[in-house]
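Quick note on labels: first sequence line is chain A, next is B, and so on, each numbered from 1.
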Amino acid sequence: MALVVVLVTALVLFSMAKSLVILSHGEAFRTLRYYHETNVHYLLEAGVADVRANLLLQPDWKVGFDHQPLTNVPGSYTVVFNTTGAPFHPDESVSNLQGTSAVPGPRGDVPAGCVDLLVVARSRGLEGRAQVLLRRGVEVASNDSLHASGKIKMTGNVTVAGIKSAEDPEPVPAGIHSARSVDAADQITWTGSAAETASISGRVTSASLNPAAISLSGTHTTGGIGVGVSTTAPSRPDIVGTVASQSSLPPPAWNVTGITVLNEDHYATGPISLQGDLQLDGGNLYIDGDLEVNGSISGAGSLYVTGKTSFKGDSQVLSNTSGVALFSQGSVRLEGLDGLEYLQALAAGDPLLAADLADVRTLLDDFQHTLQSGTPADLLFEGSHLDQVRRALAGGTQSPLTGFQSDTLGRLRDRVAAAPASSTRDFMVERVSAMRDLFGHCWATEQDQVLADWLAGSSTRGIWDVAIDLSNLEIGEQLIGQQSRMGFDRLGSSSFHGIIYTNGAFSAAHHIDIFGAVIVDGKADQEGLTVGAQTLEPGDVNLENGVDLLFNQDLLSKSLAPPGNVGVTSLGLWLEP
Amino acid sequence: MKGRNALSLLEVLIALAIASLAILTMVGVFAGGLQLLTAGKELAVSTGVGRELMEQMKLLPFAEIAEGTFDGGLPTPPVANFPPSPYPTREVSGMRYTYRVIVSVVRPNLKSITTEVLWRNSKKTILQTYVVNGG
């Protein structure tokens, strides 16, 4: 009997032991696989870097690698270039870096100036592939409108969309990427109420392998999401060195409460705090210290700031030769004002203002709807429906749209200006005036100057009238591409036009439009940023409460790449057992 | 009748022997299993902390990735902030992981970065990749 009991007990214990062995071995194999997957990932990156290094020295290089090992880890990478044309093996790469027209490749046509690169890496029975498109002269991941080395936190209504360029407003996917590879959840997050949402037209990716690294429940992400995705970090400009090298430049003549106009390069020691406006007429500004601008910024030029940067109000800085509007070693903060709510509050106590505001909304909606109803050729001619709506908005020599008076925006501006003095009032007067300028009348004798100003980025005054009266399809197409920024909902928003690059943290809050791209490349020696109750570390991003990021792909591509360089424009990595 | 129902000494001895063997085996198996689970967890953590430093180094400008061997166990002091944080050590769940970074120049525009993560004196994971100038 005892023997039977012992044997049965031993059987039960044996079963438990076997379960434990299976469990622990399974866990051990999983972690070992994770390690080997990581190894393969870095082997693939090494292969891409090795090919780029060779192409930089010799653009016609097509030698490839056959099981090229690394010295300190097991495994190898292989790159095979096809030099004979079709038929192609699926793992072959095709270099068309020096070509002048597209050539066929195993994954479709390879554009001129590009390399369709496929790297295969193997280690300990694991195989991984990286498909990379290299393009000469570009070195940033071109579809990432927001590239952060830290966490990305979004709150409330946030929109991320993209266009190819200001000149060619064809929609492109605009993704966001966190390069923070820590194996932890919530590297990219969105939170908001049921009435709020985030909309991202491109791919949302995180370098973290954690499956919960991206938490975007309740958002619209048409490009999908991906964890464990690696992209090449943008090149890192030496901001401190650049500013130091310009220290012999003259200081600007600051107009602290009025308009400071800079038409040549200047150097200044911070902290600088401007309550008035800053206008860059082709001049770059180098500041050793912090910069705070509470007025608007406009014009063409670049700002280099070794400290923190803070903008309130409009900041429409167009790029010059470098293509980048703001380099800030320290953290960057963009703070907008909710001007629309302010207008609605004024309208509640002023029936005439309420009527004008309602007319503006109707007319702007009509303008947008009309733009979507036909081609530029159908819409852009003097006396067209679009022209009549424009006159109703901002005046002109001929009749406005039936049922409306001329210059509704002008009347609205005057009524807002009569409200009690406040910074929000001043901001809204500027915003309404700017929109009135955009739709305003332009005399025939002024057309050349208006066009020149618009092309130089210094003014938008009268540009719609010029486009309509001259039936200028080229300008019309560009303006139509930016139509989302002319809607009623954007009337109270602040905007930043250009590329933002920072080594600190980045925060944009309260109805901010960013037209360009944001690169947050955190450095450990920089201070973080405190926003409300939260602290952002260098590299972290905070977008909250009505931030619209309209990605300008060409502007980013031209921004940080020295001519002749060979950069990664897109990168996909995948592992196979 | 009584003698037939009672356990024989031989039966008891065999039962005791089997029970002892089973218990000893179980203890060994449980100990080994737990050890394997702990080792697996530490390997996963060491891989993660290795990646963490690797990605920090990849973000640096090419010129700031200093050639040489940096041993967090000595520790070799950073040269102009290289290697970046979390070098020289990283503590996770009470376990101290020590970094060792080896940077060598493969070609003038290509550097090799190796990150070793050491723990429990003799255990280590190694990751290696290349970075290119301008990338």
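In this structure, the portions of A/Ser181 lying under 4.5 Å from any heavy atom of chain B include both its backbone and its side chain. A/Val73 touches chain B through backbone and side chain together, each having a heavy atom under 4.5 Å away. Contact of B/Ala19 with chain A is made through backbone and side chain together, with heavy-atom distances under 4.5 Å.
Within 6.0 Å of the NZ atom in B/Lys123, the count of heavy atoms belonging to other residues, nucleotides or ligands exceeds 12.
With sequence neighbours excluded, the residues satisfying salt bridge (Lys or Arg N to Asp or Glu O under 4.0 Å) with B/Arg107 are A/Asp50. Under the salt bridge (Lys or Arg N to Asp or Glu O under 4.0 Å) criterion, B/Glu67 pairs with no residue at all, not counting sequence neighbours.
In this structure, OG1 on A/Thr71 lies 8.0 Å from CD1 on B/Ile102, to the nearest 0.5 angstrom. The distance from atom OG1 of B/Thr129 to atom CG of A/Asn72, rounded to the nearest 0.5 Å, is 12.0 Å. Residue A/Arg52 holds its CZ atom at 15.5 Å from OH of B/Tyr130, rounded to the nearest 0.5 Å. We find the CG-CG distance between A/Leu70 and B/Leu127 to be 11.0 Å, quoted to the nearest 0.5 Å. Rounded to the nearest 0.5 Å, atoms CG (B/Leu59) and NZ (A/Lys523) are 11.0 Å apart. Once rounded to the nearest 0.5 Å, the distance linking OG1 of B/Thr125 with CG of A/Leu32 reads 11.0 Å.
The residue among B/Leu110, B/Val131, B/Ile14 with the most heavy atom pairs within less than 4.5 Å of chain A is B/Leu110. Among A/Asn39, A/Asp525, A/Leu43, A/Asp183, the residue making the largest number of heavy-atom pairs under 4.5 Å with chain B is A/Asn39.
For residues 83-101 of chain B, an interface with chain A (any heavy-atom pair closer than 4.5 Å) does not exist. Of all residues spanning residues 43-53 of chain B, those with a heavy atom less than 4.5 Å away from chain A's heavy atoms are B/Leu43, B/Ala44, B/Thr47, B/Gly48, B/Arg51, B/Glu52, arranged by number.
Proximity of a side-chain donor or acceptor of A/Tyr42 to a complementary backbone N or O of B/Thr114 within less than 3.5 Å is not detected.
Using a cut-off of 4.0 Å between Lys/Arg side-chain N and Asp/Glu carboxylate O, A/Glu45 and B/Lys58 are scored as salt-bridged.
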